Amino acid sequence: FRSTLAENNVSRYFFDLISAESIPMPLTQPHGHALLPDRAAVTRCFSRIPCLSGLHQETLDRLAEFSRLLPAGEADELCREGDSADSLLILLEGQVALSGAAANGSRAVVEVIRPVAPIQLATVLARLKYPSTATAVSACQVLSIQADRLHALMAEVPELATALVRAQAMEFDAME
């Protein structure tokens, strides 16, 4: 994560207007450090993620092998516009703002993500570059799943692919 909120001139006022709704989840490492792989903790998180909660335990165990819990502080950048979508990020706690660059070089917040929700799921599924920058509005906890290994597991386990595509469809429906 990179602290770039000030560099990008994202309006501080906007962030102050957003209330911090969070789902408590204890961190096992000091703030700002990636948590050591703890498959049991990661697997427990899967039960909180609607699109993953109904999958077979074997699939969840395999998914946990390449997933990590990551804390992020306020103003930490989770992913940057134009970078390859190398991880599926799922917000478990806190709030994240998605912002994009305008033609004049300024940045505009286009969406606020609240828990429990994937961040830019369609981009990861389509193996594209992130279309916007995700910045933590408040202290957050994020589940990070390696995209390459996720795609490989989706090819082996059609139920996982179906669950993620269904989650994306529901996200599109919610936008209407």
Side-chain angles (χ1 to χ4, degrees), residues 1 18-29 31 33-73 76-79 84-98 110-128 130-176:
F1 302 123
I18 301 170
S19 65
E21 299 171 3
S22 64
I23 300 170
M25 176 170 268
L27 299 177
T28 58
Q29 291 277 334
H31 174 75
H33 299 281
L35 300 180
L36 295 175
D38 180 349
R39 289 188 186 151
V42 169
T43 302
R44 282 191 303 274
C45 288
F46 293 151
S47 67
R48 298 176 49 209
I49 303 168
C51 64
L52 301 179
S53 64
L55 296 174
H56 290 91
Q57 189 60 46
E58 179 184 337
T59 302
L60 297 176
D61 291 342
R62 291 181 64 193
L63 195 57
E65 292 174 12
F66 49 93
S67 301
R68 302 291 179 265
L69 290 171
L70 304 172
D76 282 351
E77 193 174 85
L78 306 176
C79 61
S84 294
D86 58 0
S87 295
L88 171 59
L89 302 174
I90 300 175
L91 181 63
L92 300 172
E93 179 181 333
Q95 291 185 339
V96 170
L98 297 181
V110 295
E111 184 178 0
V112 175
I113 309 290
R114 291 181 174 81
V116 170
I119 300 171
Q120 304 190 66
L121 175 59
T123 300
V124 175
L125 293 177
R127 297 180 175 156
L128 300 173
Y130 291 117
S132 57
T133 297
T135 306
V137 174
S138 61
C140 295
Q141 187 165 43
V142 177
L143 180 66
S144 176
I145 303 172
Q146 293 175 3
D148 288 342
R149 294 185 67 188
L150 175 64
H151 284 281
L153 187 57
M154 287 169 51
E156 292 178 40
V157 182
E159 294 81 12
L160 175 59
T162 301
L164 292 173
V165 169
R166 184 178 295 125
Q168 184 56 58
M170 290 172 59
E171 189 174 309
F172 283 143
D173 285 346
M175 295 166 83
E176 295 181 327

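Any value given below was found using the heavy atoms of this structure, including those in side chains, with hydrogens, waters and symmetry copies removed. What you see is a predicted model, and the numbers here were worked out from it, not measured in a lab.
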Q: To the nearest 0.5 Å, tell me how far Arg149 CZ sits from Ser67 OG.
A: 9.0 Å

Q | Interatomic spacing from SG in Cys45 to CG in Leu63 - rounded to 0.5 Å | A | 11.5 Å

With a 3.5 Å cut-off and sequence neighbours excluded, list the donor-acceptor pairs that the side chains of residues 116-125 form with protein atoms.
{"from": "Gln120", "atom 1": "OE1", "to": "Ser132", "atom 2": "OG", "distance (Å)": "3.3"}
{"from": "Gln120", "atom 1": "NE2", "to": "Ser132", "atom 2": "O", "distance (Å)": "3.2"}

For [X], look at atom [atom1] and say whether over 12 heavy atoms of other residues, nucleotides or ligands are found less than 6.0 Å away.
X      : atom1 : value
His151 : NE2   : yes
Arg166 : CZ    : no
Asp86  : CG    : yes

Looking at every non-hydrogen atom in both residues, tell me the closest pair between [X] and [Y] and how far apart they are.
X      : Y      : answer
Ala147 : Ala85  : CB-O, 3.5 Å
Cys51  : Leu164 : SG-CD2, 4.0 Å
Phe46  : Leu52  : CD2-CD1, 3.7 Å
Val96  : Cys140 : CG2-SG, 4.0 Å
Leu150 : Phe66  : N-CE1, 3.5 Å
Val142 : Leu91  : CG2-CD1, 4.3 Å

[X] (side chain) donor-acceptor with [Y] (main chain) under 3.5 angstrom:
X      : Y      : value
Thr162 : Pro158 : yes
Arg68  : Leu143 : no
Ser138 : Gln95  : yes

Below 4.5 Å, heavy atoms only, C-beta onward: do [X] and [Y] meet side chain to side chain?
X      : Y     : result
Glu159 : Leu55 : yes
Pro115 : Leu92 : no
Val42  : Leu69 : yes
Ile145 : Ile90 : yes

**Q.** Residue list, side chain to side chain donor-acceptor pair (under 3.5 Å) with Gln57, at least two apart or on another chain
**A.**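 Gln57 satisfies side chain to side chain donor-acceptor pair (under 3.5 Å) with Asp61 once adjacent residues are dropped.
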
Q: Just jot down the salt bridge (Lys or Arg N to Asp or Glu O under 4.0 Å) partners of Glu156, sequence neighbours excluded, or say none.
A: Arg62

Q.
The test is side-chain contact (heavy atoms from CB on, under 4.5 Å); show your working for Glu77 and Thr133 and say whether it passes.
A. CA-CA 7 Å; Glu77 193 174 85; Thr133 297; 3.4 Å; yes

